[in-house]
There are 2 protein chains.
Amino acid sequence: MTKLDALDLKILDLLQKDARLTNKEIGLRVHKSITAVYERIKRMEDQGVIKRYVAILDPNQLNRQLNAFTHIQLKDHSKQVLFDFEKTVVAYDEVMECYHMSGSYDFILKISVSDLSAYHDFLINKLFTTAVIGHLESTFVMREAKMDTAFNLDM
Amino acid sequence: MTKLDALDLKILDLLQKDARLTNKEIGLRVHKSITAVYERIKRMEDQGVIKRYVAILDPNQLNRQLNAFTHIQLKDHSKQVLFDFEKTVVAYDEVMECYHMSGSYDFILKISVSDLSAYHDFLINKLFTTAVIGHLESTFVMREAKMDTAFNLDM
DNA sequence: GGTGAAATCTGCATTCT
DNA sequence: AGAATGCAGATTTCACC
């Protein structure tokens, strides 16, 4: 695993903002040849620094305009219960993110659905059927002020 | 704004999992010509259904291995205070996501830093300088069980 | 809305430095 | 390690169904 230099970081910075940039275009911006850019990107893909390339879609045009954060405390914390709960919830389409947390609740889920009624259905038909939930608190996103996948790669 | 049909959804589904698929490859999978695929993607980019293409990087190789969710209650809720707070925090590099919430706290921030010491610095030097914070609670991600940007486009 | 072919541009392997 | 070359293959436009 080679260390990343300033040029690598600059290339990553461009790609995490726009994955459709061609090597030629990147080369122009970092003042390197196409080949140099190509080889560095290839190396970083192989290293796993670049995990994948994805298209970001507009939730509003795909009927996913309601986002909720669901905070969950389990009834008990045996390894098996934690494992099973995690395995079950990550399989649900509505669950975009699932984190096992330190602190006063065990899990934070980010849920993406069409409306409150769909969220209700999700709770009743999916989450509550796991039966290991001790406490649950739902809060809803009124406004998404920032939602970024790109890190600042301070250069 | 044209409505999306089943073919559009299928193409979106492929692209939100792998933005590097060629039109040829997509065409093979949806049984359409390269041009048909090309035109539909172009239309959906213009419509804003496809917002952008990004590279997803590995936080662990970029010194962002600690994620926290910071729950914030403001001291007061005048329009100006809310607006200023939002404007300030979204500008911070450590803040990957910022949501204005309904319920018992006003904002949830997803913070991404290198370690606890960096999180401490972020609180002291950045968040607490806004001076409008009433209550703040930090919880830390111990395990990221799921982190997906792709919606299920049930077809 | 769809197709197929032509033109142009990129990706990627090879070779040279 | 990066630059130059060249071919294969991709994107994009266009004429037509």
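We name chains A, B, ... by the order of the sequence lines, and we start the count at 1 in each one.
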Rounded to the nearest angstrom, tell me the gap between atom CD1 in B:Ile34 and atom C1' in C:dA6. 13 Å
According to a strict under-4.0 Å criterion, is B:Arg43 in side-chain N/O contact with OP1 or OP2 of C:dG1? no
Looking only at side-chain N and O atoms, does B:Tyr38 come under 4.0 Å of OP1 or OP2 in D:dT13? yes
Provide, to the nearest angstrom, the distance between the NE2 atom belonging to B:His31 and the C1' atom belonging to C:dG1. 19 Å
Suppose we call a contact any N or O donor and acceptor under 3.5 Å apart; does that hold for the side chain of A:Ser33 and the base of D:dA4? no
Heavy-atom closest pair (B:Leu109 atom, B:Cys98 atom, distance to 0.1 Å) is CD2-SG, 3.6 Å
Euclidean distance, atom CD of residue B:Glu25 to atom P of D:dA10 [Å, nearest integer]: 9 Å
Could you check whether any side-chain N or O of A:Lys146 sits under 3.5 Å from a backbone N or O of B:Val95, counting only pairs where one atom can act as donor and the other as acceptor? yes
Could you state the atom-to-atom distance from NZ of A:Lys24 to P of C:dC9 in whole Å? 7 Å
Which distance, rounded to the nearest 0.5 Å, do you find between the CZ of A:Arg29 and the CD of A:Glu25? 4.5 Å
Has A:Asn67 got a side-chain atom pairing as donor or acceptor with A:Val141's backbone, closer than 3.5 angstrom? no
Atom CG of B:Leu28 and atom P of D:dG9: how far apart are they, to the nearest Å? 13 Å
Rounded to the nearest 0.5 angstrom, the CZ-CZ distance for A:Arg20 and B:Arg20 is 8.5 Å
Indicate whether OP1 or OP2 belonging to C:dG11 is found under 4.0 Å from a side-chain N or O atom of A:Asn23. yes
Expressed in angstrom and rounded to an integer, what is the separation of A:Glu45 atom CD from C:dC12 atom C1'? 12 Å
Could you tell me whether the side chain of B:Thr22 has a donor or acceptor atom within less than 3.5 Å of a complementary atom in the base of D:dG9? no
Grab the CD-P distance between B:Glu39 and D:dA15 for me, whole Å please. 14 Å
Can you tell me which nucleotide in C:dG2, C:dT14, D:dC14 comes closest to the side chain of A:Thr35? C:dT14
I need the NZ-C1' distance between A:Lys42 and C:dC12, as an integer number of Å. 9 Å
Mind checking B:Arg20 for me? I need base, sugar-phosphate or nothing, with any heavy atom below 4.0 Å counting as a touch. nothing
